[in-house]
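Predicted, not measured: the structure shown is a model, and the values here were computed from it. Just so it is clear: chains get the letters A, B, ... in the order the sequence lines come, proteins before strands, and each one is counted from 1.
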There are 2 protein chains.
Amino acid sequence: MATLCRNCPIRKRRIFAPMTRREVAFMERFKAGEMSVDAGTTLLIEGSNSPQLFTVLSGMGLRYKTMPEGRRQVVNFVLPGDFVGLQAGVMREMQHSVEASTPMRLCVFRRDELWSLFRDHPERAFDLTWLAAVEEHFLGESLAALGQLDAIERIARAFVKFHDHGQALDLVTGGEMRLPYTQQDLADALGLSVVHTNKTLRKLRDQQVASWQNGKLRVLSYERLCDLGQLDPERVPLQRPLI
Amino acid sequence: MATLCRNCPIRKRRIFAPMTRREVAFMERFKAGEMSVDAGTTLLIEGSNSPQLFTVLSGMGLRYKTMPEGRRQVVNFVLPGDFVGLQAGVMREMQHSVEASTPMRLCVFRRDELWSLFRDHPERAFDLTWLAAVEEHFLGESLAALGQLDAIERIARAFVKFHDHGQALDLVTGGEMRLPYTQQDLADALGLSVVHTNKTLRKLRDQQVASWQNGKLRVLSYERLCDLGQLDPERVPLQRPLI
DNA sequence: CGGGCTCTTGACACAAGTCAAATCGCGTGG
DNA sequence: CCACGCGATTTGACTTGTGTCAAGAGCCCG
């Protein structure tokens, strides 16, 4: 039996904006059920018009676009609390695919209820827009990273983001965080070749800044990492709504 | 005296989704007035919490982020029909700046009415989310371009986008479209240096594919341009809502 | 034990950046 | 009306970051 939203395992994390009891109650109606998938499953596929909206409860994945020549751009990494499928919800169809990198547990919503969300729950509708704006913000940041930073800076920045996001979600234990991706995934996200990504990772390891081996990310010098990634180590992570 | 929305000069363009009479009526209440600015004006500034939302009626501009080292990433180019300021509307503050590249005329909305839009006009609220999703889609495309394409391909793609967008807005006259940007602007958008951008533009000119001089873009071979930009020349431009 | 992914490293090629200088265009002021 | 100055555009010479190719090592799973 699916968990009730009021007992949602991730709702209380401080990264998420708090919800009123009434909102939680509506979400329970909006929720269609839960779904578990194996690592490697494609949840949503580019060009499809999937009838489902998900919130990630656990596990990690990635969003990507494929180019005509077979190259792939990883748009971002999907972590618990992320909402996927909004594009198909409001536009005709998905413009990217979403794939599970680990087994994932997902909260499934009824797309046909999306309209009632807008009609009857303006606060939630507002949150949805907020979410889309936050997403847009992150994409803008990634764009700036690809456009303006070199390889080591991009990787450093990505690691800082992972680390912070992981911290906010309590995914960091003993200074380590599980990053279930391949170097190819990271390379495709940062617009680098695997080979160069690999060599750059080695540099970060050699300089004792951060290491990522056996699927575990270990930040050795948060200072240096932020410095490389051109991020302010003091910046406050922005809160976002959970749908 | 400001134009009434029912007479809005850009509403009828086919790129925009049609509006019901009731929606138009609401927009007239939502609208606070109009504003005209000179070229070079900064409309919104990164980190500020501007109280205004705009829809561009005429003129062009650009959205950009500045990096700590003084580099700049142009996030996208702002054309008539674009809605700016949504980020400040739903999040704390703007994450990017918006600057006018030509004189611009803007439709100004009251931010404090944003909430009533969500409360009383779910269809418009939906459109706002739709808009955010469309925006996100475009950023994803740009990300893929920066990550996966080389200089000539990126520029070709940018030109195709400009050309199509311009066509949809009736900005192309006599095979020419006014592009009031500097090569530095384009370079900052595509993650290239001005020098290399310049040399690549020359290649496109020499190969009779496209030329951009004196602020005028001239597409000589749409076929070749799409081919270079890895875009399907037959793809349908996606419709979007006008706010 | 073998096949297929990843990950790693080295050698080499090439796209793109940097530096520098000349030219062009345009608005301003003498 | 012309001289000046400033920003944008062009071009060449050189440097360097990153990609490609290739081959080997490690590892997991059947």
Check the distance between [N]'s [atom2] and [X]'s [atom1] and give it to me in whole angstrom.
X: A:Leu146; N: D:dG19; atom1: CG; atom2: C1'; answer: 16 Å
X: A:Leu204; N: C:dC7; atom1: CG; atom2: P; answer: 15 Å
X: A:Tyr181; N: C:dC7; atom1: OH; atom2: C1'; answer: 19 Å
X: A:Leu179; N: C:dT6; atom1: CG; atom2: C1'; answer: 16 Å
X: B:Asp188; N: D:dT9; atom1: CG; atom2: P; answer: 12 Å
X: B:Gln184; N: D:dG7; atom1: CD; atom2: C1'; answer: 11 Å

(message) Hydrogens and angles aside, do B:Thr66 and B:Glu46 bring a side-chain donor and acceptor to less than 3.5 Å of each other?
(response)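 There is such a pair (donor and acceptor under 3.5 Å, judged by atom type) between the side chains of B:Thr66 and B:Glu46.
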(message) Testing the 3.5 Å rule here: is there a donor-acceptor pair between the side chains of B:Asn198 and B:Gln183?
(response)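 Yes, because at least one side-chain N or O of B:Asn198 sits under 3.5 Å from a partner of the opposite role on B:Gln183.
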Phosphate OP1/OP2 of [N] contacted by [X] side-chain N/O (<4.0 Å):
X: A:Gln213; N: C:dT8; result: yes
X: A:Arg202; N: C:dT8; result: no
X: A:Gln183; N: C:dT8; result: yes
X: A:Asn198; N: C:dT8; result: yes

(message) Holding to ring pair (Phe, Tyr, Trp, His ring centres under 6.0 Å), I want the full list of residues that pass it with B:Phe83, two or more places apart in sequence or in another chain.
(response)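 Result, ring pair (Phe, Tyr, Trp, His ring centres under 6.0 Å) vs B:Phe83: none returned.
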(message) Can you list everything that forms a ring pair (Phe, Tyr, Trp, His ring centres under 6.0 Å) with B:Phe109? Sequence neighbours excluded, please.
(response)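 Testing B:Phe109 for ring pair (Phe, Tyr, Trp, His ring centres under 6.0 Å), a comparison that skips the adjacent residues, returns B:Phe30.
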(request) Any chance you could list the contact pattern along nucleotides 14-25 of chain C? Use B for base contacts, S for sugar-phosphate-only contacts and - for none, protein heavy atoms under 4.0 Å, 5' to 3'. (result) --BSBB------
(message) Taking salt bridge (Lys or Arg N to Asp or Glu O under 4.0 Å) as the cut-off, I'd like each qualifying pair that reaches into residues 184-194 of chain A, sequence neighbours left out, listed once.
(response)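 Applying salt bridge (Lys or Arg N to Asp or Glu O under 4.0 Å) to every pair that reaches into residues 184-194 of chain A, excluding sequence neighbours, yields A:Arg72-A:Asp185, A:Arg72-A:Asp188.
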Output a table of donor-acceptor pairs, distance under 3.5 Å, between side-chain atoms of residues 53-60 of chain B and any protein atom two or more places apart or on a different chain; print 'none' if there are none.
residue, atom, partner, partner atom, Å
B:Thr55, OG1, B:Ile243, O, 2.7

Under 3.5 Å donor-acceptor pairs involving side-chain atoms of residues 207-218 of chain B, not counting sequence neighbours:
residue, atom, partner, partner atom, Å
B:Trp212, NE1, B:Leu179, O, 3.4
B:Arg218, NH1, B:Glu176, OE2, 2.7
B:Arg218, NH2, B:Gly174, O, 3.3

(request) To the nearest 10°, let me know how far the axis at one end of the helix from C:dC1-D:dG30 to C:dG30-D:dC1 is tilted from the axis at the other, five pairs an end. (result)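 Nearest ten degrees gives 40° for this helix.
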(request) Sequence neighbours left out, what passes salt bridge (charged side-chain N to carboxylate O under 4.0 Å, His left out) with A:Asp150? Give chain and number order. (result)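 With neighbours one apart ignored, the set is empty.
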(request) Can you sort out the partners of B:Asp206 under salt bridge (charged side-chain N to carboxylate O under 4.0 Å, His left out), two or more places apart, ordered by chain and number? (result)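 B:Asp206: salt bridge (charged side-chain N to carboxylate O under 4.0 Å, His left out) contacts with B:Arg202.
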